[in-house]
Each structure stands twice: as structure tokens, then as C-alpha cells.
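Chain identifiers are assigned alphabetically (A, B, ...) following the order of the sequence lines, protein sequences preceding nucleic acid strands; residue numbering begins at 1 within each chain. Just the heavy atoms: all of them, side chains too, but no hydrogens, waters or symmetry mates, feed the values below.
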There are 2 protein chains.
Amino acid sequence: MKSTIPESGMPITQPDRQEASLHGEILLRLRDYVVEGNIPEGARVPERQLCAMLGISRTPLREALKVLAAEGLIELLPNRGARVRELSERDLEELFDVMAGLESLAGRLACEAITDEEIAAIERLHYEMYGHYLNSDMHGYFQVNQRIHESIVAAARNETLRAAYDSFAGRIRRVRYSANFARKRQRWGEAMREHEAILDALRRRAGSELSDTLFQHLRNKRTAAIEHLAAARGATTATVAGS
Amino acid sequence: MKSTIPESGMPITQPDRQEASLHGEILLRLRDYVVEGNIPEGARVPERQLCAMLGISRTPLREALKVLAAEGLIELLPNRGARVRELSERDLEELFDVMAGLESLAGRLACEAITDEEIAAIERLHYEMYGHYLNSDMHGYFQVNQRIHESIVAAARNETLRAAYDSFAGRIRRVRYSANFARKRQRWGEAMREHEAILDALRRRAGSELSDTLFQHLRNKRTAAIEHLAAARGATTATVAGS
DNA sequence: AAGACAAAAAATGAATGCAAAATGAGTCTC
DNA sequence: GAGACTCATTTTGCATTCATTTTTTGTCTT
């Protein structure tokens, strides 16, 4: 049994992370594999090839593919196999808006339950992020920024919300990998100010206000991201067309 | 190699949702079957029995079960089969809050794109609902109420949001079937007033305000629903315990 | 008689097999 | 020479089969 698993493309990460069953393990690995952008957009992914790569039979793989399709990461064309779902500009706009709505909700709920310690932790993250901003450390800034938003979602004390948030985040993350969201200096400064407003509303536990501020903040992010991505795609398209 | 990209613009994914394939058909039927509450909470659902009922083999059924599990309708215990997911009081609170967040978002987005005709249609629904309210027609009221909220979600012009909304609505609907949400007269009147406020904000395209009003409206709904359900469950538990 | 152990029965998880549809190549026609 | 048609190959969808795990049942011991 164990010896039937050959050296596949991806190493067996952990015996049981949470899903002891094979299809669960496959699901986690495949999801990561797709989210990390290892398969080009719209590319056809033959089942056999994935089976060989993962060292399993088609049954659990197909089960995992069905789930990923339900999650919106891939799409299954009848009798034509699985493709990585292409995200149009409109899809991205929609996804960003939903994410904004979820975070806006998270902020509102967080105000009802967040502790002073949690707020203090977020404040520390905020100052850490400010340091990265001053140093023009985009990567560090981005990471801490992510942690702040995750902290807010965590403070909402709503596992259902967190799961949905993670799911949508995964759908966007795949794009983030391809197009690195280099941010304009000006927008960066605005973002910092917005973060201060967020922190302020959070301190006062002003749920409605925080909800609003968070939504606007993410809306601005959306605009910047979409613009950047459109430019990147335009360039890519031009290159392809020119070749 | 040259034309490996057939229709990269937009594959044929809309026309046939998933009814063509067997597993898609099974998925739709099973989802309805579970959502409508045909299987008691926490009940074990033998695969064989379902296969016999649906007249198929286990393979497509298991694929559908995996998807339903991912949607949160059922849970799959390793080596112990599928069970209809039991929703704790906390789960319901979380679900209601997420629904409130999504509708709140829908209202905000709707203000950006809704047409006068759509608003007029919602106003008509509102007055129709008011009639049901005056006639104490709970069922009619409930249905029209649902249509109003769906109209707002539709007006948001965000398919991703709509899909998420439908998914979460399905998870709650199963409970709605078991426990009929008889509403207290007083709360009913409050709900009508809230609806008027919603309509008012919508007319003025006041996004932030509508977002806030919708959230509060659904929060109040949540409280009423949870209380009612807790009472119903308490009664059921008592009956079971007494028998 | 009650509890524990063991074997049989059933159910689940995964692999394999088979039919139908799609893809691709080769040939034929115009 | 280009396009269309036909047939072989590949791939997908589903059913069936095989191997574990769980559950049940029956017996034995205390």
C-alpha cells in the first residue's frame, strides 16, 4: 500500500494535516497547486497527467476536481476535462468587492467582541507596517498588511466568515502570484492614512464606521489592483500578439 | 501548437450549467433533497440507499457528496459515511451574520447600479408585502420578502456575490423548513418599518446608509429566528427526552 | 446475567475496466 | 493546394471490483 506510492512530482508533505483520507489530502495539495499558479490560466489539465504526478488513481482525483470546481478555482467542461478558470477583469472586480464586503462585515463584528489585547496587537502590526512603509519595503509592508486584515477577520469570531474569506482570498491569490501588485507611492500613502482611520474606528468600537472605512479602503485597493492588472495583461497580450 | 487556444475569450460554460452530466444532475437533486430537509439532522446517509434511490452507481454519488460537504451542507466522517450537518445555535448565528454581511454588501453595490425601473419593481413588491402584512398572511409575506431581498442582490450586478448568497441561503433554508419561523406580531411591524427605511435609502442611492440599515434589519431577524429556533429545539429535546 | 472478545457482515475508500465522446491524423475530393 | 470527411487514438464518464475499516452479532468468561 504505502510502497505503491512512487516518487511523484510533489513530496508528501505531512501524513495527516487534517484530512486523513486520500481525497482530502489530494484536495489540499491540488488546491495549493492551482492557487500558487503552477498551471497557466485556461490550460487544459488531463486527469491522467495529474494522476501520474500525484501517484494516485483517477477516482480520488476526480472527486477533488469536482470540489475545486465548486469552489470556483477550476471549471469542468463536459467531456472535455478540467481547465484552470480564467478570471476576466469583471470577475476580479466582483471578487474584490465580495472580499471588501466580507472584511467590512468582519470589522463590524470585530467591534462587538475584540479585546483590548487584540487591538494592541493590531496596533503593533500597524507600526511595524509603518516602518516598512518608511523603508519602502513593499514585500514586508504587504505581508504585515495581510496579517492586519487577517487579525480583523479573526477578531470577528465567526468561523463561517473566516472560511468564506479564505476561500475567496484563494481565488484572488492565484492572480496575485502572476501579477505582482506593485503599488504607486501616492496610493501607498493613502493606504497608510486609511489604515489609521481603520485603527481609530476599531479602538472606538465604532462598528458601522469601521465597516464603511474598511469597504472604502478595499474599494480603493480594488481600483489600483485592477488598473495594474489590466496594464499587465495588456502588455502580455501585446507581446503574445506581437510574437 | 499555433492555435492551441480555441476560445480563450469565454468558453461555453453558461448555456448548460451542469445538467448535462450525471454527477451534475445528481448534485442538484441531492442538494435540493438535503436542503428541503428530507433527511433528519445528523442522520447517517448510506451511499447504497441513495444509489438505489437515484438509480445510479456510487461513483457519481460520491462526487456529489464531496461537493455538498465542501458547501457545508453535509459532513463526511472518515470511513463512517455522510451525515447531514447539524447546525448548532452558534453555527446559525454565524450564518445569519454572514448573510447579513452579504446583503449589506449587496445593498451598497446596488446603489451604484440600480435603475429606476428596478427600484419601482421593488416598491411594488413592498406594497404587495404590505398587503400580506395587513392580511396577516405569513406565507405570502415571507415569500414576497424573500423576493425583495433577492431583487436587491440581483441589483448588485455581482454574480460572485449572488452565488455565495444562494449557497449560504441554502444552508439556512434547511433549518427554515424544520422550524417554521412564525413571527411575533410586534417584530413583524418593526420589520415593515425597517423595510421602509431600506426602500428609502435605496431610492436615494445612499450606499453606506443602506448597507447599515440592511445589516441591522437582518441582525434583528437573526435574533428573532435564533430565539424561535432555540425554543423549538428546546421543546423538541424535551419531547424526545420525555418520550 | 452482564461485559468483553472475536468473527461475520456491511459499508466505505480507492483502483480498475468499459463504453461513449472528443481529439488528432491521414486521406480524399474539388 | 485547401478544406472536409473518415477512422484511429486518446480522454472522459460511469460502473464494477477489490481492499480496509467499521459495525454488528454471537459466544464465552466471570
Check your understanding: Of A:Gly81 and B:Gly55, whose closest DNA chain D nucleotide lies nearer the 5' terminus?
Key -> A:Gly81
Check your understanding: Would you call A:Glu103 and A:Lys221 a salt bridge, using N to O less than 4.0 angstrom?
Key -> no
Check your understanding: Does a side-chain N-to-carboxylate-O contact under 4.0 Å join B:Arg157 and B:Glu112?
Key -> no
Exercise for review: Check whether any side-chain N or O of B:Arg80 sits under 4.0 Å from OP1 or OP2 of D:dT23, and answer yes or no.
Suggested key: yes
Review point. Would one find a side-chain N or O of A:His23 under 4.0 angstrom from OP1 or OP2 of C:dA14?
Key: yes
Over how many whole Å does the gap from [X] atom [atom1] to [N] atom [atom2] extend?
| X | N | atom1 | atom2 | value |
| --- | --- | --- | --- | --- |
| A:Leu27 | C:dG13 | CG | P | 14 Å |
| B:Leu65 | C:dA14 | CG | C1' | 15 Å |
| B:Leu61 | C:dA14 | CG | C1' | 15 Å |
| A:Asn79 | C:dA20 | CG | P | 13 Å |
| B:Glu47 | D:dT23 | CD | P | 14 Å |
| A:Lys66 | D:dT12 | NZ | P | 11 Å |
| B:Ile26 | D:dA15 | CD1 | P | 9 Å |
| A:Gln49 | D:dT12 | CD | C1' | 15 Å |

If you check the [X] side chain, which of [options] turns out closest?
| X | options | value |
| --- | --- | --- |
| A:Arg58 | D:dT22, C:dA22, C:dG17 | C:dG17 |
| A:Arg44 | D:dT11, D:dG13, D:dA15 | D:dT11 |
| A:Arg62 | D:dC14, D:dG13, D:dT23 | D:dG13 |
| A:Ile56 | C:dA22, C:dA15, C:dT12 | C:dA15 |
| A:Arg48 | C:dA15, D:dA15, D:dT12 | D:dT12 |

Exercise for review: Answer with yes or no whether A:Thr59 presents, from its side chain, a donor or acceptor under 3.5 Å of a partner atom in the base of C:dA15.
Suggested key: yes
Review point. Would you say A:Asp97 and A:Arg219 make side-chain contact, with heavy atoms under 4.5 Å?
Key: yes
Point to revise | Heavy-atom check, side chain of B:Glu47 versus side chain of B:Leu65, under 4.5 Å | key: yes
Check your understanding: Should the heavy atoms of other residues, nucleotides or ligands under 6.0 Å from CD of A:Gln49 be counted, would the total exceed 12?
Key -> no
